[in-house]
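In this text, all values refer to a predicted model and were calculated from it rather than measured experimentally.
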Amino acid sequence: MENWGRQNLYSDYGERNNQTYVTEFNLLGFGNLSELQNLLLLLFLMIYIMTVAGNILIVVLVLVDQHLHTPMYFFLGNLFCMETCYSSTILPRMLASLQTGDRTISVSGCITQFYFFGVLAASECYLLSRMSYDRYLAICKPLHYTVLMNGRICLQLAAVSWMSGFMTTTIVTCLMSQLHFCGPNEIDHFLCDFTPVIKLSCSDTSLITLVSFILSFISILPPFLLTLTSYVFIISTILRILSTTRRRKAFSTCSSHLIVVTIFYGTLMIVYVLPDTETLRELNKVFSLFYTVLTPMVNPLVYSLRNKEVQCALRKLIAHTN
């Protein structure tokens, strides 16, 4: 903490005072596990390689295989693009810190990381709700599906998801960039999340806290309710199907997405709803790993292992390559 980067401030009357700005933060991450640093480096490196390779592979399959040119796989392609960017926003910085032991990050770098992390997290909330709506139409309104979910509508829904994430996070980030940080400069996390950063500010944070709460409410609750409502109707429709074979087939088309949604929203709510206490802080870091690091790695496995169309497309790609 004694090596804070600082610059002098001046009072409104032009007189020099002793207050200083912090220009660097220390992302503590998992620094308390000093004896496990090499093991964590290897673990997170493997996770990052698997995440990028798995997500890019699914995107390539969606692009090259004609059988996957459907609304469901169009949204999946967008989701896996987000997941690749998501991991690339967090893991390279974490890997560098584990390798070099340098946990410092500039204030501007921290705000930049928060911006991209926030954009992708908010966009994913919106996109997952669009994917739930797509499954609702496919199962509950099959005769009208091709009309209600055509190519133009898919593009519009995906574009709105990305734009909504950009807009909400841009507003919060602009307010965050106006804050002053006077010390301390330690962030007990492995990424620059909103709450840990705001706690270090010596400026008035009432406005940004209120705006962030309103925008988070808009970004999370309506998409979550749309997802929940969609699956209530989906499950209700599936249970009314008399044929066991048709019921199993209908459920298989949405089970992968239901698993992804449950993991994403479950860990998200645990991290941001539980009180921020000393006891729960380490637990929150573990749960943050789930939705920021592990979920992007697991998602391609969930969709490929449970989806015969993806498996068939993968076999054809391998056969064509050979």
Side-chain angles (χ1 to χ4, degrees), residues 1 3-6 21-32 40 44 47-48 51 82-125 165-203 205 207-209 211-213 215-216 219-220 267-268 270-272 274 276 280-296:
M1 290 172 63
N3 292 324
W4 297 347
R6 301 180 176 190
Y21 279 154
V22 169
T23 59
E24 289 181 343
F25 293 135
N26 283 328
L27 277 175
L28 299 183
F30 299 97
N32 57 326
L40 290 174
F44 287 128
I47 288 174
Y48 184 54
T51 299
M82 285 182 186
E83 304 279 58
T84 304
C85 297
Y86 211 50
S87 295
S88 298
T89 301
I90 299 167
L91 279 174
R93 174 69 187 74
M94 192 191 302
L95 291 171
S97 176
L98 288 169
Q99 184 181 25
T100 64
D102 180 12
R103 299 187 180 92
T104 60
I105 183 172
S106 67
V107 171
S108 58
C110 190
I111 293 175
T112 301
Q113 186 190 58
F114 165 77
Y115 175 71
F116 287 107
F117 163 72
V119 166
L120 294 163
S123 299
E124 186 163 344
C125 285
F166 275 106
M167 288 173 60
T168 54
T169 310
T170 298
I171 294 171
V172 175
T173 306
C174 286
L175 291 173
M176 185 182 287
S177 66
Q178 305 302 312
L179 299 177
H180 300 316
F181 300 92
C182 310
N185 71 335
E186 290 186 342
I187 298 177
D188 190 13
H189 213 312
F190 57 84
L191 61 90
C192 293
D193 205 353
F194 178 80
T195 303
V197 173
I198 292 301
K199 280 184 176 180
L200 300 182
S201 175
C202 53
S203 304
T205 59
L207 176 60
I208 187 173
T209 302
V211 171
S212 175
F213 174 78
L215 293 178
S216 297
S219 299
I220 295 174
T267 53
L268 202 65
I270 289 171
V271 169
Y272 293 105
L274 288 179
D276 183 26
L280 294 173
R281 198 162 293 150
E282 289 299 320
L283 188 61
N284 277 351
K285 273 199 275 189
V286 173
F287 279 110
S288 294
L289 278 176
F290 271 94
Y291 80 90
T292 59
V293 176
L294 297 181
T295 301

Spacing of Phe44 atom CZ and Leu95 atom CG [to the nearest 0.5 Å]: 8.5 Å

Separation between CZ of Phe190 and OG of Ser288, rounded to the nearest 0.5 Å: 5.0 Å

From Leu27 atom CG to Cys192 atom SG, the distance as rounded to the nearest 0.5 Å: 4.5 Å

Close side-chain approach of Thr292 and Thr89, heavy atoms under 4.5 Å: no

Closest approach of Ile220 to Cys125 (non-hydrogen atoms, all atoms of both residues): CG1-SG, 4.3 Å

Atom of Gly165, atom of Ser123 and distance for their closest heavy-atom approach: CA-OG, 3.4 Å

Closest contact, heavy atoms only, Val197 versus Cys110: CG2-SG, 3.9 Å

Heavy-atom side-chain contact between Pro92 and Tyr48 under 4.5 Å: yes

Spacing of OG1 belonging to Thr205 relative to CG belonging to Leu175, to within rounding of 0.5 Å: 11.0 Å

Close side-chain approach of Thr195 and Lys199, heavy atoms under 4.5 Å: yes

Partners passing side chain to side chain contact (heavy atoms under 4.5 Å, CB included) against Leu294 (at least two apart in sequence or in another chain): Ile47, Phe290, Met297

Heavy-atom closest pair, residues Glu83 and Glu124: OE1-OE1, 3.1 Å

Student check: side-chain heavy atoms of Asp188 and Pro196 closer than 4.5 Å: no

Worked check of side chain to side chain contact (heavy atoms under 4.5 Å, CB included) between Val119 and Cys85: CA-CA 10 Å; Val119 166; Cys85 297; over 6 Å; no

Spatial distance of atom CG (Leu200) from atom CG (Asn185) [nearest 0.5 Å]: 7.5 Å

Heavy-atom side-chain contact between Tyr291 and Tyr86 under 4.5 Å: yes

Where Thr168 and Ala122 come nearest, the two heavy atoms and their spacing: OG1-CB, 4.0 Å

Minimum heavy-atom distance between Val293 and Pro296, given as atom pair plus value: O-CD, 3.4 Å

CZ on Phe25 to OG1 on Thr104, rounded to 0.5 Å: 12.0 Å

Heavy-atom check, side chain of Cys174 versus side chain of Thr170, under 4.5 Å: yes

Single hit among Ser203, Ser201, Cys202 for side-chain contact (heavy atoms from CB on, under 4.5 Å) with Phe181: Ser201

Any Ile198 side-chain heavy atom under 4.5 Å of Met176 side chain: yes

